[in-house]
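Just so we're on the same page: letters track the sequence lines, and every chain starts at 1. Worth knowing before you read on, the calculation uses all heavy atoms, side chains too, and leaves out hydrogens, waters and symmetry mates.
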Amino acid sequence: MSDQISDRRAKLARLRTLGVEPYGGRFTGITSNAALRARGEQLNIEVGQVREEPAAQARAAGRVVLYRDIGSLIFMTIRDWTGEFQIGLSKKMLGDRAEVTAGLEQRPVRATGAEATASAADGGGADDGAAVAWKVAKLIDLGDFVGVDGRLGRTKTGELTLWADRFTILSKAVRPPPEKWHGLTDVEARYRRRYVDLFANPASRDVFIRRARIMDYMRGVLRERGFIEVDTPVLQPIYGGAAARPFQTHHNTLDMDLFLRISPELYLKRCLVGGLERVYEFARCFRNEGISPRHNPEFTMLELYQAYGDYHDMMDITEALIAGAARDVIGTLQVTFGGRTIDFTPPWPRRRYADLFATHVGFPLTDVAQARARARQLFEQKHLSVDERKADDEVVINALFEHYVEPHLVNPTFVVDYPAALCPLTRRDPADPSRALRFEVFASGMELGNAYSELNDPQVQHETFSRQLRGEEGETMAVMDEDYVEALEYGLPPAGGLGIGIDRLVMLLTGSGSIRDVILFPLQRPERTT
RNA sequence: GAGGGCGUAGCUCAGUCGGUAGAGCAACGGCCUUUUAAGCCGUGGGUCCUGGGUUCGAGUCCCAGCGCCCUCACCA
């Protein structure tokens, strides 16, 4: 047991002997720190002045992040999720205003006859209120939550300050916060105790606020375009819609093996069969694969489907969602990521898969012999895991595409005309059935999204499900799903579908180098193995 | 999975050639009515990730393990 924790527990007890409950309840009528600052500026307060008019009176609450005790004068910097603000307590001022210092009323959490939380002055006279408030302020530690009623003023050094007339503690932190200047920098600690990271590092907190705003923005765009948000199964008897190893689990009552979804695709398209013409889902997906700065075992994908549309409509929506989010949430279409500037200004270039291949690999993808030779070489140098001797042509070619082409796609780029064999859920190009009506969108060398003109011919679907590409070692989209084919037999309207990796998008838009920096609680091995 | 790096006080970090474990912040005691990472005086605080080994002696060297990070591979 650390000494600091014992010290703080001792203060907890002293607060209770003063009649103050250190874990308070409801506290209403708070003005946020950002709003206090705005109001303070508006009042044109002179240096050294404390204002008395009603507009200068306010209530604040927050976590104490700095504490400066000057004897008969205490300054605290409190932090809420809008920013920081200074509160000041003057022993003399509290005494002079004893009639208002009678403590802060705290309503009980429940109205069901529960006793009101003790306030600083309960059972005491006004004088006691001031004295108790002062004693409470002296017992404050960094990290405590406090509540203040006061008047806005400006100190001699010009700092906007809420001068306390009433003061109370709202929650005692018995563990000390990280160092006030550096915050919490240890990466492992930041992930394991994200709650500390969030309050100690405002930049971290802002990433998650922006993540939420990006998703809000996208919901707004989709709502305007007539989409509805749906929830489809995470637990699936057959996994599909992507190529990935799944997590497996078991339902006891049904005595049935289930998979955590690797994609929501096949269920969302069933919605279209049912006549829900525009649907989307922010789908948590699970893939039992490696962890890297760009891969987390669970991640969030926005997936959407639009009846009567095609993949060109999906390009339009992709630009609207991503460029719009950048503009709306980040305030710019040019973001810096990994030392490079990425320009999200639409329209984004469309590039053919075959052209990009020829440019960056150095020979046309029709030269299968050369592709195999190159892949063999990379495999032997352990730069590629695909063994061309065990893989079909398209798999070999795509491995080279990923290796050579993707790193070059820095600015947002739509890659089109994918080999149909790689796309078992995609409609074929009527002009050339070897190509699929699909695009993938890349930025900063990362795949950000994937879209199709959806395959709605049940017979073709049945065939592609039956054909398993070699070289994918069980990670194939072509898992036969009879129930899904049956759904198609009822009629899937022509449709465009799109998936966007939300975590990666948030990385790009917030300049976060690792996917773990945009996931609140990334998976970690247990800290204590004992 | 392979390679590399890191792990020391609550936090941020030093620790030389192998010789009794250090600083700042935080904490504790004291002073202070205008501080801004407040200041000044004083004090306490360690499973040096874990377990072995080498050595008279290990935070330091060696081995194994654990955790985290990075690179590569994987991830259509």
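When each of B:rA76, B:rC72, B:rA37 is scored by its nearest atom to the side-chain atoms of A:Leu66, the top-ranked nucleotide is B:rA37. Comparing atom distances between the A:Glu188 side chain and each of B:rU71, B:rU35, B:rC68 picks out B:rC68 as nearest. Nearest to the side chain of A:Arg525, among B:rA76, B:rU12, B:rC68, sits B:rC68. Closest approach to the A:Leu184 side chain among B:rA73, B:rU12, B:rG67 is made by B:rU12 (side chain taken as heavy atoms from C-beta onward). For A:Phe75, the side-chain atoms get nearest to B:rU34 when compared with the rest of B:rA73, B:rA76, B:rU34. Side-chain proximity of A:Asp186 to B:rU12, B:rU33, B:rU34: nearest is B:rU12.
Between the side chain of A:Glu159 and the base of B:rU35, no donor-acceptor pair of N or O atoms lies under 3.5 Å. Side-chain to base pairing of A:Thr185 with B:rU12: no donor and acceptor N or O lie closer than 3.5 Å to each other.
With a cut-off of 3.5 Å on both Watson-Crick or G-U wobble distances, the partner of B:rC74 is given as none. The base-pairing partner of B:rG44, taking Watson-Crick or G-U wobble contacts with both distances under 3.5 Å, does not exist among the strands shown. Pair assignment for B:rC68: B:rG5, on the basis of Watson-Crick or G-U wobble contacts that are both within less than 3.5 Å. Across the strands present, B:rA21 finds no partner; the criterion is a Watson-Crick or G-U wobble pair with both atom distances under 3.5 angstrom. When both pairing distances are held under 3.5 Å, B:rA58 makes no Watson-Crick or G-U pair with any nucleotide shown.
A distance of about 28 Å separates the P atoms of B:rC32 and B:rA23, rounded to the whole Å. Separating the C1' atom of B:rG46 from that of B:rG15 is a span of 14 Å, rounded to the nearest Å. Nucleotides B:rC70 and B:rU34 have their P atoms positioned 48 Å apart, rounded to a whole Å. Nucleotides B:rG7 and B:rG59 are separated by 15 Å at their P atoms, to the nearest Å. Between B:rA58 and B:rG51, the two C1' atoms lie 15 Å apart (nearest whole Å). Rounded to whole Å, the separation between the P atoms of B:rG57 and B:rG5 comes to 29 Å. The same atom, C1', is picked in B:rC31 and in B:rA38; the two are 14 Å apart, to the nearest Å. B:rU35 and B:rG45 have their P atoms separated by 35 Å, with the value rounded to a whole Å.
Aromatic ring pairs are classed by plane angle as parallel below 30°, tilted from 30° to 60° and perpendicular above 60°; the pair A:His403 and A:His383 is tilted. Ring planes of A:Phe401 and A:Phe442: tilted class, angle from 30 to 60°.
Look at CZ on A:Arg68: it is 15 Å from C1' on B:rC32, rounded to the nearest Å. A:Tyr191 places its OH atom 9 Å from the C1' atom of B:rC69, with the value rounded to the nearest Å. Computed from coordinates, the A:Met76 CE to B:rU34 P distance equals 17 Å when rounded to whole Å. The distance between atom CE of A:Met93 and atom C1' of B:rU33, rounded to the nearest whole Å, is 9 Å. Atom P of nucleotide B:rA73 and atom CD of A:Glu380 are separated by 16 Å, given to the nearest angstrom. Look at CZ on A:Arg245: it is 12 Å from P on B:rG1, rounded to the nearest Å. One interatomic measurement links the two molecules: CG of A:Asp69 to C1' of B:rG39, which rounds to 12 Å at whole-angstrom precision. For the pair A:Arg193 CZ and B:rG10 P, the computed distance is 11 Å after rounding to whole Å.
Residue A:Ser72 places at least one side-chain N or O under 4.0 Å from the OP1 or OP2 atom of B:rU33. Residue A:Ser385 has no polar side-chain atom (N or O) positioned under 4.0 Å from OP1 or OP2 of B:rA73. Contact annotation: A:Gln524 side-chain N/O to B:rC69 OP1/OP2 distance is under 4.0 Å. Close to B:rC74, at under 4.0 Å from its OP1 or OP2, lies no side-chain N or O of A:Arg287. Regarding contacts with the backbone of B:rC69, every side-chain N or O of A:Arg192 stays at 4.0 angstrom or more from both OP1 and OP2.
In this structure, A:Glu388 and A:Arg372 approach most closely via the heavy-atom pair O-NH1, 2.6 Å.
Under the 3.5 Å distance criterion, with hydrogens and angles disregarded, no donor-acceptor pair is assigned to the side chains of A:Gln86 and A:Thr77.
Looking at heavy-atom distances under 4.0 Å, A:Leu384 makes contact with sugar-phosphate atoms alone, never a base. Among the heavy atoms of the strands, none lies under 4.0 Å from A:Arg190. As judged by a 4.0 angstrom heavy-atom cut-off over every strand, A:Gly183 is placed among residues touching the sugar-phosphate backbone only.
One finds a salt bridge joining A:Glu281 and A:Arg261 here, because a Lys/Arg side-chain nitrogen approaches an Asp/Glu carboxylate oxygen to under 4.0 Å. With respect to the salt-bridge test (charged N to carboxylate O, under 4.0 angstrom), the residues A:Lys11 and A:Asp141 qualify. With respect to the salt-bridge test (charged N to carboxylate O, under 4.0 angstrom), the residues A:Lys92 and A:Asp96 qualify.
The 5' end of RNA chain B is approached more closely, in terms of each residue's nearest nucleotide, by A:Arg154 than by the other of A:Tyr418 and A:Arg154.
With a 6.0 Å radius and a threshold of 12 heavy atoms from other residues, nucleotides or ligands, A:Arg16 has its CZ atom above the threshold. Other residues, nucleotides and ligands contribute only 12 or fewer heavy atoms inside 6.0 Å of the CZ atom of A:Arg427.
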Per-nt protein contacts along nucleotides 22-28 of chain B (heavy atom under 4.0 Å; B base, S backbone sugar-phosphate only, - none) come out as --BBBSS
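Stacking of A:Arg284 on the aromatic ring of A:Phe299 is not recorded, the 6.0 Å distance cut-off and the 45° axial limit not both being met.
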